[in-house]
Amino acid sequence: MKKSGIYYFLAIAILSAYSCGHQESELTADQVIEKAVQKHGGSNYDNMEVQFDFRNRHYRAKVSNGEYVYERTFKSDNGWVTDVWSNKKFKRMIDEKEIQLNREDLRTYRSSTNSVIYFALLPFNLNDPVVNRQLMRSVDIKGQPYYKVEITYGERGGEKEDFENAYVYWIHKEKFTMDYLAYSFNINGGGVRFREAYNQREVEGILFQDYRNYTIDKDFPAQELDYAFVTEQLQLVSDIKLENIKVDLVQPD
């Protein structure tokens, strides 16, 4: 065989090997989210009890075998309030006595209880089958490479709170930490938020992080808030700080 023929086949072999390796390195949206979940907590999320304080309210989340109970407790003018949301129902108790709620109040209290715990435990539950995941164009933020994943939710039981919202997560391409997130919302006139994670710490094998919380004009798409962030168009509105975090890894019931 002539040398030119040998070089040709060598070139084909090298290109084929590179192509296969390149394809193997490309992850799907589901794989990116799964790696982030494993990085932040993995199997520790399956059976856990987490407690923390946030803005003078105490939160508790217990997860076991796919069942959950989310609670928040705080002092009000009417007494000690305990909101409880489980797989079954939502209820509000004042001084341990359940009170009747109209539909609007029930939805408001349930949403505010869930949202704090939802963000505190991220990326927990982002690999749930009800979640729709879409990989967007990768980006660099502050010189670091990120996968960009858009999340939407299917309607469940006629509830459209999450169904109408959009969420975007930036997952570090090497560490698989969830360093940024953004979302749009429709309540209270609607708007968008972009959060930058900081103060990451591990408690009983689960990563927790605080966030700097930014905003911009409500018509700005959540999917493009990374651009607004790096071009310094965002306004800092608050800090999201979790205090007195406690985690118990429980045995399945």
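Reckoned from all heavy atoms, side chains included, excluding hydrogens, waters and symmetry mates. All residue numbers refer to positions in the sequence shown, counting from 1.
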Proximity of Phe119 and Tyr211 rings by center, below 6.0 Å: no

query: So does Arg72 pair up with Asp83, basic N to acidic O under 4.0 Å?
result: yes

- prompt: CZ/Arg195 to CG/Leu234 distance, rounded to the nearest 0.5 angstrom?
  reply: 13.5 Å

query: Once you round to the nearest 0.5 Å, how far does CZ of Arg110 lie from OG of Ser115?
result: 12.0 Å

Over 12 foreign heavy atoms within 6.0 Å of CG, Asn102: yes

- prompt: Is the closest basic N to carboxylate O distance between Lys148 and Asp226 below 4.0 Å?
  reply: yes

- prompt: How long is the span from the CZ atom in Arg193 to the OG atom in Ser184, to the nearest 0.5 Å?
  reply: 11.5 Å

- request: Please confirm whether the backbone N or O of Thr108 pairs with a side-chain atom of Ser112, one donor and one acceptor, at under 3.5 Å?
  value: yes

task: Specify whether Tyr109 and Phe90 have parallel, tilted or perpendicular ring planes, treating 30° as the upper limit for parallel and 60° as the lower limit for perpendicular.
output: tilted

field: Any donor-acceptor N/O pair, Asp95 side chain to Trp80 backbone, under 3.5 Å
entry: yes

- prompt: Has Lys173 got more than 12 heavy atoms of other residues, nucleotides or ligands less than 6.0 Å from its NZ?
  reply: yes

message: Would you call the rings of Tyr167 and Tyr169 parallel, tilted or perpendicular, taking 30° and 60° as the class edges?
response: parallel

- line: salt bridge (Lys or Arg N to Asp or Glu O under 4.0 Å) filter on Glu71, not counting sequence neighbours, yields Arg60

query: Do Trp170 and Phe229 have ring centres separated by under 6.0 Å?
result: no

Sub-6.0 Å ring centroid separation between Tyr180 and Tyr146: yes

message: Taking OH in Tyr198 as the centre, count heavy atoms belonging to other residues, nucleotides or ligands within less than 6.0 Å. Is the count above 12?
response: yes

field: Salt bridge present between Glu196 and Lys142 (N-O < 4.0 angstrom)
entry: yes

message: Please evaluate residues Glu243 and Arg57 with respect to the criterion salt bridge (Lys or Arg N to Asp or Glu O under 4.0 Å), reporting the C-alpha separation (whole Å), side-chain torsions for both, the decisive distance (0.1 Å), and the verdict.
response: CA-CA 10 Å; Glu243 300 178 313; Arg57 300 186 177 191; over 6 Å; no

